[in-house]
Amino acid sequence: MFGIQNFETFILAGILLNLTPGADTMYILGRSISQGKKAGILSALGIATGALVHCLFAALGLSIILAKSALAFEIVKYAGAAYLIFLGVKMLVSKSSNNFDLEKRTKTVSYKKIYISGIFTNILNPKVALFFLAFLPQFINPNYTNNGVPFLILGLTFVCTGTTWCLALAIFSSKLSKKIKKNYTIKKWLDRITGGLFIALGIKLALAKK
């Protein structure tokens, strides 16, 4: 149907890939543990939005540019790395009041910025685009590779299973950390660890090769 073959195998493989810890998983965990459930959920939704953009690009054939052009790949890669490092440094240098109030702190969090950060974190990772180009065609009939419909269907399926897992991860991790975050000292170190994690992810992305 629609040029898709072995759809059941694709779903199973997609779920297994989603369960494998990666940059997106670590990003969501960092946000959720450090800034709460809502921040984690919005991070997951932001990353899902970014994945939808990659899915659309793959369907339109635009992702091939990243696969074919070394310069385009490097530009997107370093932009994404710089963005992650910026987020990490921002968390490391941010100062908090010694009178830590969880409710007050939560209200000051810009959820819009967290959502947008999730989008950019995913969009500016060229390896995601290359993943869609390498993984999806394996389940598309060769006679339909120039048709964007099977790419969209498979991409949306993968994004849906991935988003479900990421949302569950965000909710579960935030519940585990709820009591810990009430302690100001631990919360401060969680922010630093999260900032360090973002910097590490940025460096890892900068060193990545096709």
Side-chain angles (χ1 to χ4, degrees), residues 1-29 31-32 38 40-70 72-73 75-77 79-80 83-84 111-112 114-173 201 204-205 208-210:
M1 186 175 66
F2 300 110
I4 298 173
Q5 52 191 15
N6 300 319
F7 188 60
E8 296 80 5
T9 304
F10 170 80
I11 294 177
L12 178 59
I15 292 174
L16 292 175
L17 286 170
N18 286 319
L19 294 177
T20 303
D24 289 345
T25 299
M26 301 308 294
Y27 180 82
I28 293 169
L29 280 174
R31 286 290 195 187
S32 186
K38 190 171 182 178
I41 289 175
L42 286 174
S43 294
L45 294 177
I47 286 173
T49 304
L52 286 174
V53 173
H54 280 294
C55 176
L56 181 60
F57 282 175
L60 295 175
L62 298 179
S63 294
I64 296 177
I65 296 175
L66 290 177
K68 298 292 184 180
S69 172
F73 181 88
I75 290 175
V76 175
K77 180 182 74 171
Y83 186 69
L84 280 170
Y111 292 117
K112 181 179 179 181
I114 289 174
Y115 173 70
I116 294 175
S117 293
I119 295 175
F120 280 112
T121 297
N122 192 272
I123 288 180
L124 294 176
N125 187 346
K127 297 188 74 176
V128 177
L130 297 183
F131 165 79
F132 273 96
L133 280 180
F135 183 61
L136 300 189
Q138 297 182 47
F139 301 90
I140 298 176
N141 188 303
N143 296 324
Y144 289 79
T145 52
N146 292 324
N147 189 333
V149 175
F151 278 94
L152 282 175
I153 294 175
L154 292 177
L156 289 173
T157 301
F158 183 80
V159 171
C160 286
T161 58
T163 302
T164 301
W165 163 245
C166 289
L167 289 174
L169 188 69
I171 295 171
F172 182 69
S173 58
L201 290 174
K204 182 179 179 181
L205 178 58
K209 297 180 180 180
K210 283 189 180 182

Does some side-chain heavy atom of C55 sit less than 4.5 Å from a side-chain heavy atom of F158?
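They are not in side-chain contact.
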
All pairs passing side-chain hydrogen bond (donor to acceptor under 3.5 Å, both in side chains) where residues 6-15 contributes a residue, at least two apart
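Counting only pairs at least two positions apart or across chains, no side-chain hydrogen bond (donor to acceptor under 3.5 Å, both in side chains) contact touches residues 6-15.
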
Residues in side chain to side chain donor-acceptor pair (under 3.5 Å) contact with T49, at least two apart in sequence or another chain:
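Checked T49 against side chain to side chain donor-acceptor pair (under 3.5 Å); matches are Y115.
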
Could I get the full list of side chain to side chain donor-acceptor pair (under 3.5 Å) partners for S43, not counting sequence neighbours?
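Applying side chain to side chain donor-acceptor pair (under 3.5 Å) to S43 gives none.
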
For L56 and F151, run side chain to side chain contact (heavy atoms under 4.5 Å, CB included): C-alpha distance rounded to whole Å, both residues' side-chain angles, the deciding distance at 0.1 Å, then the answer.
CA-CA 8 Å; L56 181 60; F151 278 94; over 6 Å; no

Drop me the distance from [X]'s [atom1] to [Y]'s [atom2], to the nearest 0.5 angstrom.
X	Y	atom1	atom2	value
S32	I41	OG	CD1	8.0 Å
K112	I114	NZ	CD1	13.5 Å
F7	T157	CZ	OG1	4.0 Å
L154	I4	CG	CD1	4.0 Å

Check G50 against I123 and note the closest heavy-atom contact, atom names and distance.
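Scanning both residues, the minimum pair turns out to be CA-CG1, 3.7 Å.
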
Would you check, one step at a time, whether the test side chain to side chain contact (heavy atoms under 4.5 Å, CB included) holds for L45 with L167?
CA-CA 8 Å; L45 294 177; L167 289 174; 4.3 Å; yes

Who passes side-chain contact (heavy atoms from CB on, under 4.5 Å) against [X], sequence neighbours left out?
X	value
L169	T25, L29, W165
N122	D24, I47, A51, H54, V128
L52	L156, V159

By ring pair (Phe, Tyr, Trp, His ring centres under 6.0 Å) - contacts of F139 (at least two apart):
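Only F10, F135 meet the ring pair (Phe, Tyr, Trp, His ring centres under 6.0 Å) criterion with F139.
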
